[in-house]
> 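First the structure, then my questions, so here it is.
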Amino acid sequence: MNMNGGQALMKALENEGVDILFGLPGGAILPVYDPLIDSSIRHVLVRHEQGAGHMAEGYAHATGRPGVAMVTSGPAATNIVTPLCDAYMDSIPMVVVTGQVPYAAIGTDAFQECDTTGITMSVTKHNYLVTEAADIPQVIHDAFYIATTGRPGPVLVDIPKDIVDPNNPRSAMEWYTPDSHDLPGYFPNQAGDAELIRQAAKLICEAERPVLYTGGGILKSRGAEALLELAEMTGIHVVTTLMNRGGFPDDHPLCLGMPGMHGNYTAVTAMQEADLLIALGARFDDRVTGKVGEFAPLAKIIHVDIDSAELGKVRRPDVAIQGDCRVVIEELVKALKEMGGSEAQPDRNQWRSRISGWQERFPLTYEQSKGDELLKPQYVLEQLRDSTPSDTIVASGVGQHQMWTSQYWKFNHPYTWVNSGGLGTMGFAIPAAIGAKAGRPDRMVWAVDGDGCFQMTAQELVTAATEGFPIKVALINNAYLGMVRQWQEMFYEERYSEVYLTRDVPDYKMWAEALGCVGLRVESPEEVGPAIAQANEINDQPVVVEFRCEAEENVFPMVPAGMSNSDVVVDPSQRDQPR
Amino acid sequence: MTAADGGGTTTLVVRVENKAGVLARVAGLFARRGFNIESLAVAPTDDERFSRLTIVVGVDAAPMEQVVKQLDKLVNVVDIQELNPSASVERELMMVTVRAEPEIRGQILDLVRIFQATVLNVGYDEIMVSLTGSPSRVDDFEGLLRPYGIVDVQRTGKVALPKLVKAAPDPLAP
């Protein structure tokens, strides 16, 4: 079938199962926006290209399918660099199509030209500059394959205007459906080595104080069920890193919750005291380990990861297994069953009672506001958690509100937590929530945002309002760049430098209304529940609820940067407790 | 011992797809991960789909295992061989122009003869020679020429292949 490159691009995207595309047109990508009209793919018109990228990420987080964004060349391409880097750090499958100036003009500093593949080389799993229209079907097929297999990640496809412009003879091509990949250097491996899996099983059967240290690889590999079976069969406690919240139910008696810099005391301490860490799809991030040299000093390490470069990157494992988390866990469960299953596990009652002792002495805690004080953000999050369905998808920005959300939410379903972990991208919440809602229209979607974050990407609420994505935003307004304020309080002798954002400017309620949302403002604890209930009832419009919160509230526990996890700082009310 | 004087280096022979931008991906990866390239030689292989990079990396500067694993993640990198100097044959080409007034030209030609180097070009007070050899032999030659006054020197960086099996298979083996 004869067609032009632009038609071929749309057909190729349709063939990959793309149902929704987040984007914004411009000069170089313009020819592709014409065949888009005739395509089955829904396009969501964003207000800023960064929004398109984060929406694609939110979609991928919530569905497991690759998110797709399409923007033009030059400034549009540079605007989407942040989401690409975010997706790269958090291993999010995403395909971004960018327009480029005509092939013959590349290198001439043409209008809206930039070296997109050069700029994005270090923040993508792979990228392409397509030079011939005939290459489009194969490149798109390869791009989705690379984005979604092995360790997932973003792939960028840069397309010069002339090969998609029907008025240019260079766009003429004959359609073909690619049925294979010619990628001689790319072999994503799934299965783990059987002998290493047996060695891991043996270590597990010998461990007295084991902890399952589970990361984003659980969710990426659709491995939550396998993890549950492994934990229940062995009776081993589970910590869920920021990237695996929801990958193991918070209400499960074996769940210890989030470890790390703002993890709860028990999760941090159990890892620190463990004699075996079974790291599954986790990468020993500095926010989890604290000072690496003093991290879990007594523990042997089993490390399972699809990316062999993670094995030994930070901590030398005793058993390193390269493979897909779900596949390896299933094999590990089999190997453990052959060794006797739960019968073969040693008596770990002493360890269990130490863990429950920590849980009793050091629960998450805060002091409820009194009298005229503004709201406590933790209270707001508890109320939000308790007044929304358990399968609500919650997206967050980056900072204190993110940590409180991860701490206080009860994640009992996989793919309900959408956040920016590795890159820590402020402004992630609103566009990511829109993407999640686009992927899961059946679910309630709340974005929890800070006032600093909100001001970075609030314009995408226009997209939500006009494109019909009734997300809800809980805006934790504490008038500060709160996490930076906390660090200045704790580590810079309360010398506050450029962290005050003001309490009343902008007027968030009016701003929300101007953006096409319902705007609500809450200042006292009694109003919190009713406002959430009101927001939950609104399904034809986005809602922004501004919660006016105490500025001086800090996130605890905290392991100060560069310190050992053994030096975790607990809430002031718990500092007399025996460790 | 530093990487520059030949100790503490590892040679990686990296086969890559012969596509635009691949060298930039490899070089960019070294820069981004904080690894240091001591020398780099690039050429197409007998199969035109692939090129071969010979990269000398300072091992003190980076954990070699991480270098190899991160390189291997590049989609265009097909395979990587880590060559131990004692198990490989290494060659480097040097072209050098050295001061050679007529009265001392003979001394330089002595060195050329001893090293089995080649005279490429002669000027009234300079001489251009080339030498192919192991990197340490090239170092020696360069060191001996230096007192005469090196005007210009260009070295290719080394290329290497693994040493071949010496023992023939036992014809009586089953």
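Chain letters run A, B, ... following the sequence lines, proteins first and then strands; every chain starts at 1. Fair warning: this is a prediction, and the values are worked out from it, not measured in the lab.
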> Taking 3.5 Å as the threshold, show me the donor-acceptor pairs across chain A and chain B, one per line with distances to 0.1 Å.
residue : atom : partner : partner atom : Å
N127(A) : O    : R25(B)  : NH2          : 2.9
N127(A) : OD1  : R25(B)  : NH1          : 3.1
N127(A) : OD1  : R25(B)  : NH2          : 2.8
D307(A) : OD2  : K73(B)  : NZ           : 2.5
S308(A) : O    : K69(B)  : NZ           : 2.9
A309(A) : O    : Q66(B)  : NE2          : 2.6
L311(A) : O    : K69(B)  : NZ           : 3.0
R316(A) : NH1  : E65(B)  : OE1          : 3.3
R316(A) : NH2  : E65(B)  : OE1          : 3.2

> Sort V77(B) into side chain, backbone, both or neither according to what part of it lies under 4.5 angstrom from a heavy atom of chain A.
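Interface part for V77(B): backbone (N, CA, C, O).
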> Less than 4.5 Å to any heavy atom of chain A: does that hold for the side chain of L74(B), its backbone, both, or neither?
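Contact with chain A is through the backbone of L74(B) alone.
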> Is it the backbone or the side chain of I146(A) that comes under 4.5 Å from a heavy atom of chain B, or both, or neither?
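The side chain, not the backbone.
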